[in-house]
Amino acid sequence: MSNSHSDTIPLHPSSQSDIDEIENLINASVQSGPATVLPARPPSPPRASIPVSSSPFIQSKIPPPPPQSSSSSNHKVPSVPAAPPPPPPVGNSSSIVATGFGPPSNTLTEPVWDTVKRDLSRIVSNLKLVVFPNPYREDPGKALRDWDLWGPFFFIVFLGLTLSWSASVKKSEVFAVAFALLAAGAIILTLNVLLLGGHIIFFQSLSLLGYCLFPLDIGALICLLKDNVIIKMIVVSVTLAWSSWAAYPFMSSAVNPRRKALALYPVFLMYVSVGFLIIAID
Amino acid sequence: MSPTDEGFDQQSQNNWKGVFSISSYTQYFDVDTDVVVNRLISSFYPAGGDFFNKIGANPDLYGLIWITTTLVFMLAAFGNCATYLIQKRTDRTTSWSFDVGYVNAAACGIYGYSLVVPVAFYFLLRYLGSNASLVRFLCMWGYSLSIFIPTAFLLLIPVEILRWIIILIAGTASSCFVTLNLTSYIGGSNDLRMMMIAAFLLQMALAIFIKAWFFP
């Protein structure tokens, strides 16, 4: 049965049996005609204002199982097209987290290039919103509505790799220090704002701090290629200022104005220490 | 005279919602920028001994965390700079490379000191009967380290004798700060004199460690 859907992922045994059951029901209802019209699947939940657009570790989007999952096998989406797409995995056998999408989309069977292109375009659009000047800057909720964690991950790893390439000794330790500093730093900075009584969303803030590393990535790349100390200092100062400018509106609007400096100083400290690492590693 | 902080302790414990809830820790970060700056500046002047009165009902852990973190970064950065400068003075060929091990050493040393010493004093003083407040001790020791931040910058000067003078002045100032405040908090009875001397010596040992390890 799974061959007809042209995916090669081996299905969980219970989900295979569910799919078989659904196909039997579809065939049965097609044969028995509209006399056994079944209740429609309830509409998918509306998107939250700052939604999780996709779980970062799962490329395909599988529609959510209907909430009444006990008798869910009897439910049928009335708008299922004639050529059956992969049937939605109903029941509790599917352990994959679903998102707020409507009718089943063909993300399981779409080409990998489509998935990658979609994620890449989201990274680029988030980058443009965070790092470059745009009209939404003063409203952080709107600025990073569709946050993701792929972008920050790429930027942190790229920065660690660049620093590690530039280093002449202890390369792996340099990578470890850079990665730990950035990852732990982002988490601690977010916690700092929360502890000061500010209002931010944890993962959105992680995502933002990761995206603000992009200028430092460029700076590290330039410093890798050009080895002059003076040029390095200039490049690092410029990119440091750019990163701080990118992170400033988001962080400062999240806390009480009397505590703005308390929230911003650790951000500045982290970027300065990363900048220093970039200059000093040669 | 030691402030009676039993009432304050009761008040702060009412907000405890469990170890993993952030809102139970926000009470220790309930400070504004000007309050933090005020406490920082007062930690530079060792004479006075009124730090605990200044903290009052509102000790903060913000100072501890970010002063220690800044100090770790400064020591790692300026320690490397200092070895670079010294090497450039002695031999023209700079075969110097950035030693990432300084970051590890700085983190272990500073974080370890600033956590272990106040906790040890707290338990020791509780055992000996006087009332002590862990958060206030952590706060005070955290702010006592703030004088080492400009010191780390000054220790860049590659003249050895000057470095020793600088670190001794800073160490003495910091140790006096700690000792005077501890004395005024506990009440200065003769039995606890050993505690004061121990606190003084530990702070001086930290100063010497900073000089010897990072700016040899």
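Letters go in sequence order (proteins before strands), and every chain restarts at 1.
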Under 3.5 Å, which donor-acceptor pairs link side chains of residues 227-238 of chain A to any protein atom two or more places apart or in another chain?
from: A:Asn228; atom 1: OD1; to: A:Ile230; atom 2: N; distance (Å): 3.3
from: A:Lys232; atom 1: NZ; to: A:Ile281; atom 2: O; distance (Å): 3.2
from: A:Ser237; atom 1: OG; to: A:Met233; atom 2: O; distance (Å): 2.4

Tabulate below the donor-acceptor pairs under 3.5 Å that side-chain atoms of residues 103-111 of chain B make, not counting sequence neighbours, or state none.
from: B:Asn104; atom 1: ND2; to: A:Glu173; atom 2: OE2; distance (Å): 3.4
from: B:Tyr111; atom 1: OH; to: B:Thr69; atom 2: OG1; distance (Å): 2.9

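Chain B forms the most heavy-atom pairs under 4.5 Å with one residue out of A:Leu196, A:Val169, A:Asn192, and that residue is A:Asn192.
Separation of the B:Phe214 and B:Phe78 ring centroids does not fall under the 6.0 Å cut-off. Aromatic ring centres of A:Phe155 and A:Phe214: separated by under 6.0 Å. Checked against the 6.0 Å centroid threshold, B:Trp164 and B:Phe215 do not count as a close aromatic pair.
Of the atoms belonging to A:Val272, heavy atoms from both backbone and side chain fall under 4.5 Å from chain B. Interface remark: A:Leu269 contributes side-chain atoms only to the contact with chain B (heavy atom separation under 4.5 Å). Contacts between A:Ser273 and chain B at a heavy-atom distance below 4.5 Å involve backbone atoms as well as side-chain atoms.
B:Thr68 and B:Ser114 share no donor-acceptor pair across their side chains, judged by distance under 3.5 Å alone. Side chains of B:Asn58 and B:Asp30: no donor on one and acceptor on the other come within 3.5 Å.
Contacts from residues 174-183 of chain A to chain B, taken as heavy-atom pairs separated by less than 4.5 Å, involve A:Val174, A:Val177 in sequence order.
When the side chain to side chain donor-acceptor pair (under 3.5 Å) test is applied to B:Asp32, the partners found at least two apart in sequence or on another chain are A:Arg258, A:Arg259.
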